[in-house]
Chemist: 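One structure is given below, represented as C-alpha cells, and several questions about it will come after.
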Amino acid sequence: MSEPEEELQEEQRDSTKKKKKEKRSAKKKKKKKKEEEEKREEEQVEEEEEAEDDKSECVVLRGIFKLGKKSHDVLLTRTRLTWIPITPENPTAEACVVPQPGVLPLRDVFAVKVKRRRAAGRSSGGAVLGVALFCCRRRGRRLEEETVHLHNASAEHTQTWYSTLKELLPVCSQSAARAFLGSHAETLAVLVRPQRCTAVGVARLTPSTQ
C-alpha cells in the first residue's frame, strides 16, 4: 500500500473517531438538558403543590362551639375541621397533659344542616342550636355514619358556618370521590334518607380483583 493511501485511511479513521466523539458529546448534552428540564418541572410541580397545601390549610373560619358538654376552639380550613378543648388557665397548677385536637376531614362529610329546637307539631322555625355535620368514617373495610354536633345559640354565627361549609363540601366531596372510586371501590351504594328527604351516595369497599 502506497504512502498516500495510508495517509488517506488514517485521515478517514480520525474523521470517524471525531464524528463518534461528537455524537457521544451531543447525546450527553441532550441527556443533560432533558434531565435539567425534568428537574425544573418537578420543582415547579412541588412549588405549586406546596402553594396549594398552604392555601388549603389557611383558616377560613374560627369560632367557639360546644361539643358534648365542653367548649371548644373550632377551626375550619378548606380540607378539614379541627376542634380543641378550651381549658381555663391555672398558673399555680403543675404542667398538665395537653388535650389532643379532634379532626374531621371534609371529604368524609356528606351533609350539613342547622339544628333547631322546635315546638311539638311545628315543621319549621325554632331556636337555633348550632350546626350538625353528617359524615362517614371508615372502620376497617366498612363505612359507618356519624354525626358531629357543633352547639352555638347565635343564629348569625351558626348561619355563617353553615353557609361556608355548604360551599366547601361539594369541592372536597367530588375530589375525594374521584380519587377513591378510581382506585378502590368496585360498587356504589346509595342510602336514601326519607326522614331528611335526602339521598346520599356512599362507596362500598369490596376486595380488589387486580
Side-chain angles (χ1 to χ4, degrees), residues 53 56-87 97-118 123-124 126-208:
D53 290 341
S56 297
E57 293 310 310
C58 287
V59 176
V60 177
L61 283 177
R62 184 172 186 173
I64 305 297
F65 288 92
K66 268 192 173 182
L67 281 87
K69 295 182 179 180
K70 292 184 178 181
S71 294
H72 289 69
D73 184 13
V74 183
L75 287 80
L76 176 66
T77 70
R78 294 184 179 277
T79 57
R80 69 180 63 187
L81 185 77
T82 308
W83 56 91
I84 305 171
I86 298 174
T87 54
V97 179
V98 178
Q100 292 296 316
V103 179
L104 174 63
L106 293 187
R107 66 173 180 269
D108 295 341
V109 180
F110 59 80
V112 59
K113 79 169 190 175
V114 175
K115 292 183 64 179
R116 295 179 182 274
R117 182 187 288 113
R118 294 194 177 105
S123 59
S124 62
V128 172
L129 298 177
V131 180
L133 291 91
F134 303 95
C135 58
C136 279
R137 298 276 197 168
R138 187 180 297 180
R139 298 284 185 270
R141 295 175 61 184
R142 296 181 60 189
L143 291 175
E144 296 182 1
E145 183 181 340
E146 289 184 6
T147 306
V148 176
H149 299 280
L150 304 178
H151 298 283
N152 191 301
S154 169
E156 184 179 354
H157 188 65
T158 297
Q159 187 61 41
T160 300
W161 277 74
Y162 171 74
S163 301
T164 305
L165 283 164
K166 280 198 72 175
E167 289 177 5
L168 294 176
L169 288 184
V171 178
C172 292
S173 300
Q174 289 172 13
S175 59
R178 282 195 297 268
F180 180 76
L181 294 174
S183 57
H184 296 286
E186 293 177 0
T187 58
L188 186 69
V190 177
L191 306 181
V192 179
R193 306 168 61 83
Q195 67 274 26
R196 295 197 184 111
C197 298
T198 59
V200 180
V202 178
R204 180 189 297 136
L205 288 172
T206 56
S208 177

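For clarity, every value in this text was computed on a predicted model and none was experimentally measured.
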Chemist: Once rounded to the nearest 0.5 Å, what's the spacing between atom OG1 of T82 and atom CG of L75?
Modeler: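 So the OG1 of T82 and the CG of L75 are separated by 6.5 Å.
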Chemist: How long is the straight-line distance from SG of C136 back to CG of D108, given to the nearest 0.5 Å?
Modeler: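 These two atoms lie 8.0 Å from each other.
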Chemist: Distance check, rounded to the nearest 0.5 Å: W83 atom CH2 versus L81 atom CG?
Modeler: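 If we round to the nearest 0.5 Å, W83:CH2 and L81:CG are 5.5 Å apart.
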Chemist: Considering only heavy atoms from C-beta outward, does the side chain of L61 approach that of T160 to under 4.5 Å?
Modeler: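 Heavy-atom side-chain distance check passes, below 4.5 Å.
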Chemist: One thing to verify: whether R137 and E144 come together as a salt bridge, which I'm taking to mean a side-chain N less than 4.0 angstrom from a carboxylate O.
Modeler: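 So E144 does not pair with R137 through a salt bridge.
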Chemist: Would you say that more than 12 heavy atoms from the other residues, nucleotides or ligands in this model lie under 6.0 Å from the CD of E156, or not?
Modeler: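 For E156, atom CD is not crowded (no more than 12 foreign heavy atoms under 6.0 Å).
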Chemist: Can you see which heavy atom on R116 is nearest to which on L129, and at what distance?
Modeler: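 The pair with the smallest heavy-atom distance is C-CD1, 3.8 Å.
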Chemist: Rounded to the nearest 0.5 Å, what separates atom CG in L150 from atom CG in N152?
Modeler: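 It comes to 9.0 Å.
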Chemist: Check the pair V131, V112 against side-chain contact (heavy atoms from CB on, under 4.5 Å), reporting the backbone distance first and the verdict last.
Modeler: CA-CA 7 Å; V131 180; V112 59; 3.4 Å; yes
Chemist: Partners of F65 by ring-ring contact (aromatic ring centres under 6.0 Å, His included), sequence neighbours excluded?
Modeler: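 Scan of F65 (ring-ring contact (aromatic ring centres under 6.0 Å, His included), adjacent residues dropped) gives H157, W161.
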Chemist: Assess the side chains of S163 and Q159: does a donor N or O sit below 3.5 Å from an acceptor N or O?
Modeler: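 There is such a pair (donor and acceptor under 3.5 Å, judged by atom type) between the side chains of S163 and Q159.
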Chemist: Suppose we screen for side chain to side chain donor-acceptor pair (under 3.5 Å). Which residues come up paired with S154, at least two apart in sequence or across chains?
Modeler: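 S154 satisfies side chain to side chain donor-acceptor pair (under 3.5 Å) with no residue once adjacent residues are dropped.
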Chemist: Taking all atoms of both residues into account, what is the closest heavy-atom pair of V109 and A111, and its distance?
Modeler: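 V109 and A111 have their closest heavy atoms at CG1-O, 3.5 Å.
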Chemist: Rounded to the nearest 0.5 Å, what's the gap from NE2 on H151 to NZ on K69? Could you check?
Modeler: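 Output value for this atom pair is 11.5 Å.
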Chemist: Using the test side-chain contact (heavy atoms from CB on, under 4.5 Å), find all partners of K70 that sit at least two apart in sequence or belong to another chain.
Modeler: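 Testing K70 for side-chain contact (heavy atoms from CB on, under 4.5 Å), a comparison that skips the adjacent residues, returns H72.
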Chemist: Listed by chain and number, what are the side-chain contact (heavy atoms from CB on, under 4.5 Å) partners of A132, not counting sequence neighbours?
Modeler: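 Partners of A132 under the side-chain contact (heavy atoms from CB on, under 4.5 Å) test: K113, K115, F134, T147, H149.
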Chemist: Holding to side chain to side chain donor-acceptor pair (under 3.5 Å), I want the full list of residues that pass it with R117, two or more places apart in sequence or in another chain.
Modeler: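 Here no residue qualifies.
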Chemist: Under 4.5 Å between any side-chain heavy atoms of C58 and T77, yes or no?
Modeler: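 Counting from C-beta outward, C58 and T77 never come under 4.5 Å.
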Chemist: Looking at R62, I want to see if its CZ is surrounded by more than 12 non-hydrogen atoms of other residues, nucleotides or ligands under 6.0 Å.
Modeler: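 Counting neighbours around CZ of R62, 12 or fewer heavy atoms of other residues, nucleotides or ligands fall under 6.0 Å, so no.
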Chemist: Return the set of residues passing side chain to side chain donor-acceptor pair (under 3.5 Å) with K66 (not counting sequence neighbours), or none when no residue passes.
Modeler: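 Side chain to side chain donor-acceptor pair (under 3.5 Å) list for K66, sorted by chain: empty.
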Chemist: Grab the two heavy atoms, one from P101 and one from I84, that are nearest each other, plus how far apart they are.
Modeler: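 The answer is CB-CG1, 3.6 Å.
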Chemist: Mark yes or no for whether R80, through its side chain, and L106, through its backbone, hold a donor-acceptor pair below 3.5 Å.
Modeler: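 No.
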Chemist: How far does SG of C135 sit from CG of L169, to the nearest 0.5 angstrom?
Modeler: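 Output value for this atom pair is 10.5 Å.
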Chemist: Under a 4.5 Å cut-off applied to non-hydrogen side-chain atoms, are V59 and L76 in contact?
Modeler: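 No, their side chains stay 4.5 Å or more apart.
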